[in-house]
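See structure below.
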Amino acid sequence: MAIQIRPFRFSDCQAIANIYNESVQHGGITMDCEPYSSSKIQAIAAGFSPRETYLVGEKEGTVVGWGIIKRYSDRSGYRLTCETSVYLQFSETGKGYGQVLQTALLEKVKEFDYHHVVAKILAANQGSIKFHQQFGFELVGIQQKIGLTQGQWQDVAIMQLLLS
């Protein structure tokens, strides 16, 4: 069964937090070290500019994944650059849902008239790097020992996608 992609609603905040918190607790996926609450997700969404959003993936009425488009920087020179991320419930990975969500996210990026898309990925997360390469992202650099999570230094892979 495929997932349906739709715009996020504030009623999705707890589901988004729950999915994200799987990655926080697992480690090796995000630089966040503390779980997010529904109110934290709500505050992030409330602060979105008109060209930022969450999209959610639903299966049988349940949110099983989400993606975010956020400005790369609030400095005006970066106004055509955004950053994206995709997260799925761990139990829903490997089913093609990430590809459906990423495709919808990139369509929305184009609708928002961005030219440059950035993904920052923990360098050890080779699955995510390969996933992004399938969509045309290229690795442009590694920031070494940029973060410390679970007592381990983390390198971050910077990937980019240039849109025409």
Side-chain angles (χ1 to χ4, degrees), residues 1-74 78-122 125 127-132 134-137 147 149-150 154 156-157 159-161 163:
M1 169 172 280
I3 60 170
Q4 303 298 319
I5 306 300
R6 64 168 173 77
F8 124 97
R9 299 185 286 253
F10 280 98
S11 60
D12 298 322
C13 289
Q14 187 61 59
I16 290 170
N18 291 345
I19 292 166
Y20 188 65
N21 290 340
E22 282 187 312
S23 295
V24 172
Q25 292 166 351
H26 181 272
I29 299 171
T30 177
M31 286 290 190
D32 279 310
C33 301
E34 299 296 324
Y36 275 31
S37 64
S38 175
S39 59
K40 170 88 174 183
I41 299 295
Q42 189 171 17
I44 292 168
F48 280 159
S49 74
R51 293 170 63 223
E52 296 177 296
T53 195
Y54 287 116
L55 293 180
V56 299
E58 254 186 358
K59 183 174 100 176
E60 298 176 352
T62 300
V63 175
V64 297
W66 59 273
I68 188 171
I69 300 168
K70 60 184 181 177
R71 293 180 298 175
Y72 181 74
S73 173
D74 60 359
Y78 291 114
R79 68 189 171 279
L80 298 176
T81 305
C82 68
E83 183 178 345
T84 62
S85 296
V86 170
Y87 291 88
L88 292 173
Q89 286 179 348
F90 283 11
S91 63
E92 300 296 337
T93 61
K95 300 177 182 178
Y97 300 157
Q99 291 178 338
V100 174
L101 192 49
Q102 181 77 335
T103 298
L105 209 60
L106 291 175
E107 287 173 9
K108 193 71 169 173
V109 162
K110 290 174 188 173
E111 183 181 314
F112 283 161
D113 201 29
Y114 285 111
H115 170 70
H116 189 123
V117 186
V118 175
K120 294 185 275 189
I121 302 166
L122 294 188
N125 190 349
S128 185
I129 291 170
K130 289 176 184 170
F131 172 81
H132 281 81
Q134 292 175 28
F135 287 90
F137 282 81
T149 62
Q150 299 179 333
Q154 301 293 333
V156 170
M159 300 189 78
Q160 71 180 17
L161 175 64
L163 303 171

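Note: hydrogens, waters and symmetry copies are ignored here, and every other heavy atom, side chains too, is used. Remember, predicted model here, so these are calculated numbers, not experimental data.
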Which atom names give the shortest non-hydrogen contact between Gly57 and Leu101, and what distance separates them? N-CD1, 4.3 Å

Could you tell me if the side chain of Phe135 sits less than 4.5 Å from the side chain of Val117, heavy atoms only? no

Within the structure provided, determine whether Tyr114 and Tyr72 are in side-chain contact (heavy-atom separation under 4.5 Å). no

In plain terms, say whether Asp32 and Lys40 are close enough for a salt bridge, that is, a side-chain N and a carboxylate O under 4.0 Å apart. no

Where is the tightest heavy-atom contact between Thr149 and Gln154, given as atom of each residue plus distance? OG1-NE2, 3.2 Å

By the salt bridge (charged side-chain N to carboxylate O under 4.0 Å, His left out) test, which pairs, at least two apart or in different chains, include something from residues 83-104? Lys59-Glu92, Glu83-Lys120, Glu92-Lys95

Drop me the distance from Leu163's CG to His115's NE2, to the nearest 0.5 angstrom. 7.5 Å

Hey, what do you get for CG (Leu106) to CZ (Phe137), rounding to the nearest 0.5 Å? 5.5 Å

If only atom types and distance count, is the side chain of Glu52 paired as donor or acceptor with the main-chain N or O of Ser49 below 3.5 Å? yes

Looking only at heavy atoms, the pair that brings Phe131 and Gly98 closest together is CZ-O, 3.4 Å

Answer with yes or no whether the side chains of Asn18 and Glu22 bring together a donor and an acceptor at under 3.5 Å. no

Listed by chain and number, what are the side-chain hydrogen bond (donor to acceptor under 3.5 Å, both in side chains) partners of Ser85, not counting sequence neighbours? none

Evaluate the criterion side chain to side chain contact (heavy atoms under 4.5 Å, CB included) for residue pair Thr84 and Leu161; output intermediate values, then yes/no. CA-CA 11 Å; Thr84 62; Leu161 175 64; over 6 Å; no

Could you give the distance from SG (Cys33) to CD (Gln25), rounded to the nearest 0.5 Å? 12.5 Å

Assess whether a salt bridge exists between Lys108 and Glu111, defined as any Lys/Arg side-chain N lying under 4.0 Å from an Asp/Glu carboxylate O. yes

Regarding Gln134 and Gln102, do their side chains bring together a donor and an acceptor under 3.5 Å, going by distance alone? no

Within a strict 4.5 Å, meaning less than it, do heavy atoms of the Val63 and Glu58 side chains meet? yes

Separation between OH of Tyr54 and CZ of Arg6, rounded to the nearest 0.5 Å: 13.5 Å

Side-chain heavy-atom pair Phe48, Arg71 within 4.5 angstrom cut-off: no

Is there a side-chain contact between Ile121 and Val156 in this structure, where contact means two heavy atoms from C-beta onward sitting under 4.5 Å apart? no

For Asp12 and Trp66, what are the C-alpha separation, side-chain angles and deciding distance, and is it a side chain to side chain contact (heavy atoms under 4.5 Å, CB included)? CA-CA 10 Å; Asp12 298 322; Trp66 59 273; over 6 Å; no

Roughly how far, to the nearest 0.5 Å, is the CD1 atom of Ile16 from the CD1 atom of Ile44? 9.5 Å

Does any non-hydrogen side-chain atom of Tyr87 lie less than 4.5 Å from one of Ser23? yes

Heavy-atom check, side chain of Val24 versus side chain of Glu34, under 4.5 Å: no

List the residues meeting salt bridge (Lys or Arg N to Asp or Glu O under 4.0 Å) with Arg51, not counting sequence neighbours, and say none if there are none. none

Rounded at 0.5 Å granularity, tell me how far OG1 in Thr81 sits from CZ in Arg79. 9.5 Å

